[in-house]
Every structure is written in C-alpha cells, then in structure tokens.
Amino acid sequence: MKDQFIIYNTLSRKKEVFKPLVPGKVGLYVCGPTVYSNSHLGHARAYITFDLLFRYLTFLGYKVRYVRNITDVGHLEDEVEGAGEDRISKKARLEKLEPMEVVQIYMNTFHRNMDDLNVLRPSIEPRASGHIIEQQEMIESIVKNGFAYESNGSVYFDVEKYNQKYNYGKLSGRNLEDLKTNTRLLDGQSEKKNSFDFALWKKATPAHIMRWPSKWSDGFPGWHLECSAMSMKYLGEQFDIHGGGMDLTFPHHECEIAQSTASQGNEAVRYWMHNNMITINGQKMARSLGNFITLDELFTGNHKALKQAYSPMTVRFFILQAHYRSTIDFSNEALQASEKGLERLLTAVNTLDDLVGEEQSTVNVAEVKEKCFAALNDDMNSPIAIAHLFEAVKMINSIKAGNEKISSDDLAELRTFFANVVFDVLGLKPEKATGSGSNEILKGAIDLLLNLRMEAKASKDWGTADKIRNELNTLGVEIKDTKDGFEWSLKEL
RNA sequence: GGUUCCUUGGCCGAGUGGCUAGGCAGCGGUCUGCAAAACCGUGUACGGCGGUUCGACUCCGCCAGGAACCUCCA
C-alpha cells in the first residue's frame, strides 16, 4: 500500500507516486501561522489537511519528522504605510504589549484551537525568532554565491541574476518577463535593483522594536527566509514534502526555492503540496479581507454569520468532506449537514461494538476497506474515503437490524478498519459522553431512571414513561428505545 | 492587464469518454404505545453554443459568470 501513495506535486502539476528520499522516513515541512491575531477557519483547513497527511504517512508505517514553524518575527505589513515596520511590533504598540507577549497570546490560542480540532502537534515547532543566526548564515552564503546584494543596510535577493542560472517562477508558473511588466510599483523600493527583488535582511527603522544586530545593520530577516533556514536545519538540504496554503505559492514558496537553490546549489524540496482556500459567499476567507470567522467564534456560535455553534469535530469533518485541492464554501447549511453526517458515522462506530460475529458474512468488508484506502492513496481523497465509510455504516446498521450477517473474522477486520481510518487517519473522535464512557455516578443514576421507565412501560404507564424521557431530554440526555431495553447519550453542552 | 483555475441535482460535494459517488434535506413504506434511531424504496444533474467521437457531464474551441495569485495571507 505504501508504494501506491500518490500525491499531487505543484512543481510538476501532476500526480506522482510518493517515494521518500530515505526509505521508511519522511521529512515534512509546513508553513505555520503568523501569530498576530486569532486563528480562523482557513487555518483549520490548512493544518487539518497536513494533519491528515502526517497521520496517513504515519499509518503507512513511515517515520515522519513533521516540522511546522511559528512565524513570530513578522514580515512587512505594508511597505507604503509602514515603510519597513514589522507587522507584529506595529500591533504591539497599539495594544501596549510587548511583541513577544502578543506572540504568546495568539500562539496559545492557536495551540488550543488545534488541540480542539484534534490536530496533532508537529515533531518540531521552531520559531523564527529563535533562528536569527541560521537565517543570517543563509544570507551570507547567498551573498557569497553572488545572488544577493547589500543596499543601505539591507540585503536583497537578486532575482534577475538568479534567473540567469536557474528558473525563477517554476513553481508558480511565472516568468520574469511577465513579472517585469506586471509587478506593481510600490514606493520605497529605490534600494532595490528590481521591483521583484525581495528582502533577505531589512534594516530596522528607529520605531521598529523587534531587531537583531548583524554585519549589515540592526534589523530583521526578510519575509521568506525563515522557512528556508529552518527546514534546512531540521530536515537537511534536501527533504521530501513541503506544504502550505495555495496562497503561499507565490511569492513565498517561489522565494524559498530561490533561496535554497542560491545558497546550496540545488533545490531542497521534492514534493510541494498546497491546500485550497475556504471561501465565504464565494470569496476567499482571509484576515486581510475581514470576512473571516475565528475558530473560537465557530465553536461558540458567537458570530453574526453563524446560526449555531459548531463543534471542533463538526468543523474537522466538514473540511475532510471536501478534497484539499478544491475550494470549500462556508455556509450554515453545509456545516449542519456535516454535523448530522458525523453523528451518523460516530453512532455506527458505537454500534460496531455491539455487533456479534456469526459463522458466515453476507457483507463484503474487504472490498469497502480496499476502496477506502485506494481513495486515501489517490492524493488523499478524503471525501471518497468518507463515502466508502458511509457504505460501511449502512453495512453496520443492516447487520444490527438483522438484515445482514458478518463473520467473526470480518467483524474483527471491520473494527480495526474503522479504528484505523476514522480515529487514526481522519483524526475524528467522539465528542459526546455516552452510556459506556461517562462519570459512573451519573451513568448509574440515568440507568436507574431508565430502568424505572422500563417498568412503567411494562405496566403501560405511558404518563410516567414519557415524563422520565421528556425530562431527561430537557436535561440533555437523548434516549433511544431498543428491542430489549434502551440506549442513551448526552447532548453537547 | 498577465498567469492559473472553477461552473454538477433543494444545499454541500466526488468522479468518469459508455457502468448508482457520498452526506444533508424531501417523499413513500417497515418497525414503535408514542417519539427517536434504524432499515427498505425513491425523484431532481452535470453554465450556454458549436466541434471531435459509434457515444461527452467527461476531450477541443468560443461565449457567459465566478475565483485565486501577481501585495501580507493557510
């Protein structure tokens, strides 16, 4: 199965069979968030996408080193207005907080949100501010190789010179001639030879708080350098997969390729993977557009665009129901559909525990399992994988209803399959307390009441029976009658 | 303006040159004291116009509408 994992490589614009550089091991780098405000739905999509990749590679038996950075140095917010001011320090002065305090606040929120979404922590989570020296070293090697120039205390990457030897634009499908005629002219660029040159080191203005000494000036590293420097440090000069949002393809990832190639003579990344955007009313959800919904708002329902709260697992399932390279449009209707669908899936997981194996199967477990993994192998096609999971749900329900039978061997296989795919790979988890898992006293009390209700039902005392059911319902206990008793679960709070 | 991409049924969302995607909602039925759940059955489809083909939702062209990137962005 390992040999058939296919991923779409942005570099070739084709699906390719994944072959790691070192057999059995995978080096994975994903661009992490810039921590200057709360995480929103778009971040969830990116990090759930690569969490799925991390989980699936691990499931396939690879030893994965997953590096996902925290950008806490800040890039240029607005060259026109800010004139070189760091984005994070700008916000810090507005809020009268230390820059690192701002970073910490939003980093904590990010971690909490990701934990709620059951996004696994990466193997290494390096911070740009902790790797200034590595970035300076990289600048020096780029300068030494002749692909950068110093200008007024800042250092810029010489794109034109790089393009004479290598191909600038190969990832995003651009060519320099187009960039020359189409790049917008911005103020304050007189230091650069060409408008498309980008900063490797930027001299700090007096107002700039975040700054580090260097041979060129007191300043800070350029926009794109941290990822090149940190991926090289932790994954080596060449590594397997680099991921990030589609909106980072240009210029960010293009510049990363140029930096790595200029400093070491060869490209670092073998497979580039990009997740598509979340849209709202057909338009990209983005902080800069102001049309975003934060994850905290989503989880609490506290936003004017939200008709209700959506649990982290509902959000995760919603995202997994679309392929990662398609846009996915936010709407209450779509989230509500996901909520219901997820509940149906997780109910079937519980039902699976109660099934009893027979001599022979009337269902084909192997086939559905095979199709599901085939979908995951095909560029992580989670929506197709989920569609097959729902076929298995139908199977489970039919067995429970007595319309189908399953052998003990198949039942064991089905249980393993569900545990593997639903929990380990898709990273879903039950959110409700159920009769089997919650607090013992509560469980005992509810069981006691429902047993009393059974007795009332047996003596056809419908008034008492309905009263118990209705009042427990009001308290948040959902009750289902079964052939020989009852089942219950707690509603979400 | 340049580059790239998208347009599927009430909603979301896959996919393929000829074979039911799936979820949610709807409708009919079974089960149930009622309810819930479950089960069975079921309709609506591939933006428009041409072309290639025995056959296109799937390939090509044009048109319409929309999006992303070209500036920080997941």
Side-chain angles (χ1 to χ4, degrees), chain A residues 13 30-34 36 39-50 71 74-80 82 87 169 172-175 177-179 181-184 186 196 223 243-252 254 274-279 282-289 292 317-318 321-323 325-345 347-348 351 371 375 378 381-391 393-394 396-398 400-404 457 460-462 465-466 469-470 473 478-483 486-487:
Chain A
R13 287 159 200 267
V30 172
C31 289
T34 306
Y36 70 103
S39 306
H40 60 76
L41 192 52
H43 296 99
R45 159 90 121 164
Y47 301 121
I48 286 170
T49 295
F50 291 106
T71 297
H75 304 314
L76 299 176
E77 182 177 36
D78 186 328
E79 287 189 78
V80 180
R87 184 160 76 202
S172 56
R174 268 156 244 263
N175 66 65
E177 294 308 309
D178 288 346
L179 288 172
T181 51
N182 291 315
T183 301
R184 294 178 204 181
L186 300 167
F196 43 72
W223 316 2
M246 228 171 229
D247 49 355
L248 298 178
T249 310
F250 191 91
H252 186 59
E254 200 70 71
H274 292 96
N275 65 278
N276 213 136
M277 302 291 104
I278 298 249
T279 57
Q283 195 185 33
K284 175 184 168 184
M285 183 180 283
R287 285 200 276 228
S288 55
L289 294 171
F292 61 93
F317 192 63
F318 167 67
Q321 272 186 301
H323 184 79
R325 286 191 289 113
S326 300
T327 54
I328 182 168
D329 197 54
F330 164 86
S331 72
N332 281 283
E333 291 72 19
L335 258 324
Q336 283 163 356
S338 292
E339 184 178 51
K340 293 265 181 69
L342 175 64
E343 192 179 338
R344 182 151 171 247
L345 179 64
T347 301
T351 305
K371 284 182 175 171
D378 182 15
N381 199 325
S382 53
I384 296 284
I386 289 169
H388 292 302
L389 240 26
F390 276 109
E391 278 173 31
V393 167
K394 203 171 244 178
I396 290 166
N397 289 333
S398 299
K400 195 194 181 190
N403 298 328
E404 302 277 3
K457 280 174 70 179
K460 298 200 189 300
D461 180 1
W462 308 127
D466 288 354
R469 181 176 65 198
N470 293 341
N473 221 302
E478 285 178 337
I479 292 147
K480 291 180 207 166
D481 287 354
T482 58
K483 277 200 297 284
F486 54 80
E487 289 174 357

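All chains are named by letter (A, B, ...) in the order of the sequence lines, taking the proteins before the strands, and each is independently numbered beginning at 1.
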Check ring-ring contact (aromatic ring centres under 6.0 Å, His included) between [X] and all other residues, then give those that pass, not counting sequence neighbours.
| X | result |
| --- | --- |
| A:H388 | none |
| A:H43 | A:H40 |
| A:F317 | none |

In whole angstrom, give me the gap between the [atom1] atoms of [N] and [M].
| N | M | atom1 | answer |
| --- | --- | --- | --- |
| B:A21 | B:A45 | C1' | 13 Å |
| B:U52 | B:C39 | P | 49 Å |
| B:G65 | B:U16 | C1' | 25 Å |
| B:U42 | B:C5 | P | 39 Å |

Applying the Watson-Crick and G-U criteria (both distances under 3.5 angstrom) with [ ] for crossing and | for other-strand pairs, one obtains for RNA chain B (((((((..(((.....[...))).(((((.......)))))....(((((..]....))))))))))))....
Can you tell me if the side-chain N/O atoms of A:R287 get under 4.0 Å from OP1 or OP2 in B:A74?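 It does, given that an N or O in the side chain of A:R287 lies less than 4.0 Å from OP1 or OP2 of B:A74.
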Does B:C40 have OP1 or OP2 sitting under 4.0 Å from an N or O in the side chain of A:S398?
yes
May I ask you to say what A:A387 touches in the nucleic acid, namely base, sugar-phosphate or nothing, with a heavy-atom cut-off under 4.0 Å?
->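 Touches a base.
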Sequence neighbours left out, what passes side-chain hydrogen bond (donor to acceptor under 3.5 Å, both in side chains) with [X]? Give chain and number order.
| X | value |
| --- | --- |
| A:S338 | A:Q321 |
| A:K371 | A:E367 |
| A:R344 | none |
| A:Q283 | none |

Shorter than 3.5 Å, N or O on both sides, protein versus nucleotides 16-19 of chain B: list them out with atom names.
none

Check for me whether A:R469 meets the cation-pi criterion with A:F486, that is, NZ or CZ under 6.0 Å from the six-membered ring centre and within 45 degrees of the ring axis.
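The answer is no; the distance or angle limit is not met.
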Contact string for nucleotides 25-37 of chain B, one letter per nucleotide 5' to 3', B = base within protein heavy-atom range under 4.0 Å, S = sugar-phosphate only, - = neither, reads S-------BBBBS
Practice problem: Map A:S338 and A:E333 onto RNA chain B by nearest heavy atom, then report which one ends up closer to the 5' terminus. | Solution: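 Upstream on the strand: A:E333.
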5'-most contact on RNA chain B: A:I328 or A:M285, nearest heavy atom basis?
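Result: A:I328.
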TODO: Go through the structure and list residues passing side-chain contact (heavy atoms from CB on, under 4.5 Å) with A:A348, not counting sequence neighbours.
DONE: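 A:A348 satisfies side-chain contact (heavy atoms from CB on, under 4.5 Å) with A:V393, A:I396 only.
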| request: Measure from the side chain of A:I278, starting at C-beta and using heavy atoms only, and say which of B:A74, B:G13, B:C24 lies closest. | output: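 Nearest nucleotide to the side chain: B:A74.
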Each nucleotide N or O in nucleotides 66-68 of chain B that has a protein N or O under 3.5 Å away: list the pair and distance.
residue	atom	partner	partner atom	Å
B:A68	OP1	A:K284	N	3.3

